Peer 1: 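Structure incoming, see below.
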Amino acid sequence: MKVRTLTNQTVKVPDLGGAAEVEVIEISVAVGDEVSIDESIIVVESDKASMDIPCPAAGKVTAISVAEGSMVKEGDALLELEISESGAVTSAPEPAQSVTSESALVIASEASAQDAPSVIANDQTASTAPATAKESVVVPDLGGADKVELIELMVAVGDRINEGDGIVLMESDKASMELPSPAGGVITVLHVNEGDSLAEGDKVAELEVMVTNAQPLMPVVDNTEAAAEPITPEPETFKPSTSVLVSSSTASPATSKTPTSSNVDAGHTQTGDDRRRKTDVYAGPAVRKLARKLGVDLSRVKSSGPRGRLAKEDLHNYVKKLVSSPDSMGGAIPKVPEVDFSQFGEIVTEPMSKLHKITAANMHRSWMNVPHVTQFDDADITELEAFRQTLKDEMAEREIKITPVSFLMKAVAAALETNRAFNASLSSDGESIIYKQYVHIGMAVDTPAGLMVPVLRDVNKKGIWQLSEEIRELADKAKHRKLKPNEMQGGCFTVSSLGGIGGTGFTPIVNTPEVGILGVSKLVVKPVFQNGEFVPRKMLPLSLSYDHRAVNGGDAGRFMTEIAANLADVRRLLL
Ligand code: CAO
């Protein structure tokens with residue numbers, strides 16, 4: 001066979017099998033698209049059925065003559081095709097002769113007749129089969145593909161189907177193809193399962209033929225501009241897109257009772273009810289393919305098309321709605337409505353600093369990911385404060401200020417060593433817990449630019465003087481934006497002290513992937529009942545937030561109790 005370059009071919013509406021006029025319900029290509037032979041270009045619909053019109057040759061779409069909703073009849077121009085040099089033409093024009101729709105159809109019919117034995121193995125073509133004949137439906141010529149995957153079993157044993165109803169949907173790496181039933185009848189045996197890899201000639205189903213009269217729909221190529229060189233017709237191959245749409249709404253009453261199925265839920269074992277429900281979906285191959293890609297069950301999509309036909313737009317709208325729905329799987333968080341505050345008074349809008357944005361993102365991530373629990377305690381730091389006062393002169397001498405924060409760090413470090421549940425992180429896959437053998441503690445620092453968390457390293461190994469010096473140094477660096485990235489990394493736990501600022505308590509957010517954070521508020525002198533009487537004690541309010549995925553309440557109780565005990569009697573830190 002010799003194929004030469006043909007330009008500006010008009011693809012026309014083929015014989016419509018009795019329908020005078022059909023509606024263009026889907027244009028599957030756009031101008032500029034390179035289309036391959038047999039690729040669905042347009043879907044048309046009569047009041048009885050919907051039909052794909054496959055492209056008769058490989059080429060480039062240069063113009064589209066119809067719009068969705070147009071009414072067309074046999075012979076009307078659908079689109080202009082610039083056929084590429086390698087394009088194979090399925091119709092066979094006479095040399096230097098334009099192909100009329102009639103002649104093309106004759107060729108199509110002949111091809112169909114040739115094709116019939118490959119679909120019906122026992123050589124009883126549809127047109128001659130008796131009403132009770134048994135037919136084997138086999139995989140036809142796959143048009144070049146060696147193997148295809150069966151992605152959808154569209155019928156069940158016992159289903160009564162019409163000629164042209166899809167039996168299975170197969171997919172190669174290039175296209176999906178429906179295998180239409182060569183005749184009307186009842187499915188008596190299914191030889192295949194979803195997921196099977198199929199090759200030409202493989203048996204698909206056994207059919208007890210009820211009605212026969214197969215005639216695939218073939219488009220017409222007007223080769224008026226074709227060169228004089230003869231073109232030998234390709235042997236007809238399986239026409240993936242000659243399948244009709246599966247729709248009980250357009251099917252005969254018999255089909256409506258035992259409809260074919262459309263399984264779009266991967267891994268879902270279908271029941272008869274499921275099949276029936278999904279068969280009620282009325283959609284074209286392009287929409288079905290997209291739905292499969294998106295994993296959408298088409299039976300849940302509301303249609304806007306005529307007679308309930310689902311359009312791509314319907315699918316897009318469904319997915320859009322789904323992702324923005326707060327209670328959907330993976331749905332977005334409901335958005336806070338935008339408010340024009342200026343309607344209530346004067347406003348000033350300032351951009352958020354980068355640091356502020358990062359902090360906000362981190363807080364949000366942690367808040368969304370971590371199931372937080374916060375528990376509270378007061379540490380009696382009366383003795384600690386008394387001891388700290390004794391250090392005042394030395395502090396001045398050394399020019400090092402010791403605040404309760406240095407003791408807090410030390411008390412927490414000691415508790416982290418004995419409560420490893422808090423010196424840990426969850427692995428990102430949630431399968432394991434990583435215990436740290438070092439004790440680095442982050443310290444929340446309030447700076448004019450925003451919140452920063454420098455990390456004090458090896459707190460368990462350092463003394464109060466050294467820690468106090470480092471706290472000052474890091475806090476100073478943070479306030480002057482001098483912290484290096486590595487000085488803000490590697491924390492195992494965070495201490496957030498608002499003691500110098502005020503407040504009686506707060507619930508800090510865990511600095512993920514750490515699993516705990518200690519909030520410290522302003523110490524307050526409280527009456528504490530001791531040895532039969534109330535005595536004034538300096539109580540330090542503590543709030544411990546933790547990731548309840550990694551830490552349980554018992555761990556948290558022990559950890560908090562130990563911190564409070566360490567602060568109540570700092571001699572414990574020597575033990
Ligand atoms: N109760 C009462 N007074 C306290 C206190 C407490 N819990 N903790 C500290 N103080 C006192 C200090 O002793 C100091 O008093 P003097 O000046 O009389 O000695 C004063 O408060 C101010 O302390 P400071 O803030 O300068 O130093 P610090 O060591 O207490 O804290 C730092 C250092 C960096 C933690 C602190 O400056 C800071 O930035 N805190 C804010 C942390 C923050 O923003 N957390 C919220 C994060 S969001 O979760």
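Note that ligands are numbered from 1 as they come in the structure, with each ligand's atoms numbered from 1 the same way. Nothing here was measured: the structure is a model prediction, and the numbers come from that model.
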Peer 1: Using a strict cut-off of 4.0 Å, indicate which atoms of ligand 1 neighbour a heavy atom of L540.
Peer 2: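 Counting atoms of ligand 1 from 1, those under 4.0 Å from L540 are 7 (N).
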Peer 1: Less than 4.0 Å between atom 25 (O) of ligand 1 and some protein heavy atom, yes or no?
Peer 2: no
Peer 1: Should S521 be counted as touching ligand 1, given the test is an N or O pair under 3.5 Å?
Peer 2: yes
Peer 1: Just let me know how L498 lines up against ligand 1, side chain, backbone, both or neither, with a heavy-atom cut-off below 4.0 Å.
Peer 2: side chain
Peer 1: Can you pull out the closest protein heavy atom to atom 39 (O) of ligand 1? Residue, atom name and distance to 0.1 Å, please.
Peer 2: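 Its nearest protein heavy-atom neighbour is D446 N, 2.9 Å.
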Peer 1: Indicate whether any N or O donor in one side chain lies under 3.5 Å from an N or O acceptor in the other, for K401 and S468.
Peer 2: no
Peer 1: Is there a donor-acceptor pair closer than 3.5 Å between any side-chain N or O of K526 and the backbone N or O of V535?
Peer 2: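 Pair absent, no side-chain N/O of K526 close to backbone of V535.
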Peer 1: Side chain or backbone of R472 under 4.0 Å from ligand 1, or both, or neither, by non-hydrogen atoms?
Peer 2: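 The part of R472 near ligand 1 is the side chain, not the backbone.
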Peer 1: Does the side chain of K410 reach to within under 4.5 Å of the side chain of I464, using non-hydrogen atoms?
Peer 2: yes
Peer 1: Taking all heavy atoms of Q489 and all of P485, pick out the closest pair and write down the distance.
Peer 2: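 Closest approach of Q489 to P485, heavy atoms only: CG-O, 3.3 Å.
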Peer 1: Using non-hydrogen atoms of the residue, decide whether S406 is closer than 4.0 angstrom to ligand 1.
Peer 2: no
Peer 1: Counting only heavy atoms, which portion of A444 has something under 4.0 Å from ligand 1: side chain, backbone, both, or neither?
Peer 2: both
Peer 1: For atom 21 (O) of ligand 1, grab the closest protein heavy atom and report residue, atom and distance to one decimal in Å.
Peer 2: G500 CA, 3.2 Å
Peer 1: To check your reading of the model: name the closest protein heavy atom to atom 12 (C) of ligand 1, its residue, and the distance in Å.
Peer 2: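 Nearest protein contact, heavy atoms only, for atom 12 (C) of ligand 1 is T403 CG2, 3.8 Å.
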Peer 1: Can you tell me which portion of A478 lies within the under-4.0 Å heavy-atom range of ligand 1? Options are side chain, backbone, both, or neither.
Peer 2: neither
Peer 1: For atom 13 (O) of ligand 1, what is the closest protein heavy atom, and at what distance to 0.1 Å?
Peer 2: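 Atom 13 (O) of ligand 1 sits closest to the protein heavy atom P404 CD, 3.5 Å.
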Peer 1: Would you say the ring centroid of F493 lies under 6.0 angstrom from that of F559?
Peer 2: yes
Peer 1: Report the part of L451 in contact with ligand 1, treating N, CA, C, O as backbone and CB onward as side chain, heavy atoms under 4.0 Å; options are side chain, backbone, both, neither.
Peer 2: side chain
Peer 1: Using a heavy-atom cut-off of under 4.0 Å, does the side chain or the backbone of V405 touch ligand 1, or both, or neither?
Peer 2: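 The side chain, only.
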Peer 1: Between S303 and D314, does any side-chain donor sit less than 3.5 Å from a side-chain acceptor?
Peer 2: no
Peer 1: Could you check L198, L169, L179 and say which one makes a side-chain contact (heavy atoms from CB on, under 4.5 Å) with V148?
Peer 2: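 Result for side-chain contact (heavy atoms from CB on, under 4.5 Å) with V148: L198.
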Peer 1: Does the protein put a heavy atom under 4.0 Å from atom 15 (O) of ligand 1?
Peer 2: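 No, no protein heavy atom sits under 4.0 Å from atom 15 (O) of ligand 1.
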Peer 1: Around atom 6 (C) of ligand 1, find the nearest protein heavy atom and jot down its residue, atom name and distance.
Peer 2: G499 CA, 3.3 Å
Peer 1: Which residue owns the protein heavy atom closest to atom 47 (C) of ligand 1, what's the atom, and how far is it?
Peer 2: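 Of every protein heavy atom, S496 OG, 3.1 Å lies nearest to atom 47 (C) of ligand 1.
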Peer 1: What's the shortest distance from atom 40 (N) of ligand 1 to any protein heavy atom, and which residue and atom give it?
Peer 2: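 Atom 40 (N) of ligand 1 sits closest to the protein heavy atom S497 O, 2.9 Å.
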Peer 1: Examine the proximity of ligand 1 to I509 and report which part, side chain or backbone, both or neither, has a heavy atom under 4.0 Å away.
Peer 2: neither
Peer 1: Could you tell me the separation between the OG1 atom of T447 and the CG atom of D476, rounded to the nearest 0.5 Å?
Peer 2: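 Rounded to the nearest 0.5 Å, the OG1-CG separation comes out at 11.5 Å.
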Peer 1: Is there a polar contact between ligand 1 and L523, counting only N or O atoms under 3.5 Å apart?
Peer 2: yes
Peer 1: Any atoms of ligand 1 less than 4.0 Å from a non-hydrogen atom of K401? List them with their elements.
Peer 2: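 Heavy-atom distances to K401 below 4.0 Å select 16 (P), 17 (O), 19 (O).
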Peer 1: Measure the distances from the heavy atoms of K479 to every atom of ligand 1 and state whether one is below 4.0 angstrom.
Peer 2: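 Yes; K479 lies near enough to ligand 1 that a heavy-atom distance drops under 4.0 Å.
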Peer 1: Check whether D378 reaches the backbone of M539 with its side chain - one donor and one acceptor, N or O, closer than 3.5 Å.
Peer 2: no
Peer 1: Provide the number and element of each atom of ligand 1 under 4.0 Å from a heavy atom of V445.
Peer 2: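 The list of qualifying atoms is 34 (C), 39 (O).
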Peer 1: Could you tell me whether a side-chain N or O of D380 sits under 3.5 Å from a main-chain N or O of T382, the two making a donor and an acceptor?
Peer 2: yes
Peer 1: Compare every heavy atom of R388 with every heavy atom of I402, then report the nearest pair and how far apart it is.
Peer 2: O-NH1, 2.7 Å
Peer 1: Would you say atom 36 (C) of ligand 1 has a protein heavy atom nearer than 4.0 Å?
Peer 2: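 No; the ligand atom in question lacks any protein heavy-atom contact below 4.0 Å.
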Peer 1: Report yes if the side chains of I563 and L542 come closer than 4.5 Å at any heavy-atom pair, otherwise no.
Peer 2: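 Yes, at least one pair of side-chain atoms sits under 4.5 Å.
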Peer 1: Without hydrogens or angle criteria, can the side chains of T418 and E562 be said to hold a donor-acceptor pair below 3.5 Å?
Peer 2: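 On atom types as modelled, these side chains qualify, holding a pair under 3.5 Å.
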Peer 1: Return yes if some donor-acceptor pair links the side-chain N/O of N566 with the main-chain N/O of A411 below 3.5 Å, else return no.
Peer 2: yes
Peer 1: Kindly indicate whether atom 18 (O) of ligand 1 is approached by any protein heavy atom to under 4.0 angstrom.
Peer 2: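 So atom 18 (O) of ligand 1 lacks protein heavy-atom neighbours under 4.0 Å.
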Peer 1: Quick check, are the ring centers of H316 and Y318 under 6.0 angstrom apart?
Peer 2: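 Ring centres of Y318 and H316 not closer than 6.0 Å.
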Peer 1: Decide whether an N or O pair under 3.5 Å exists between K522 and ligand 1.
Peer 2: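 No - when backbone and side-chain N and O of K522 are compared with those of ligand 1, no distance drops under 3.5 Å.
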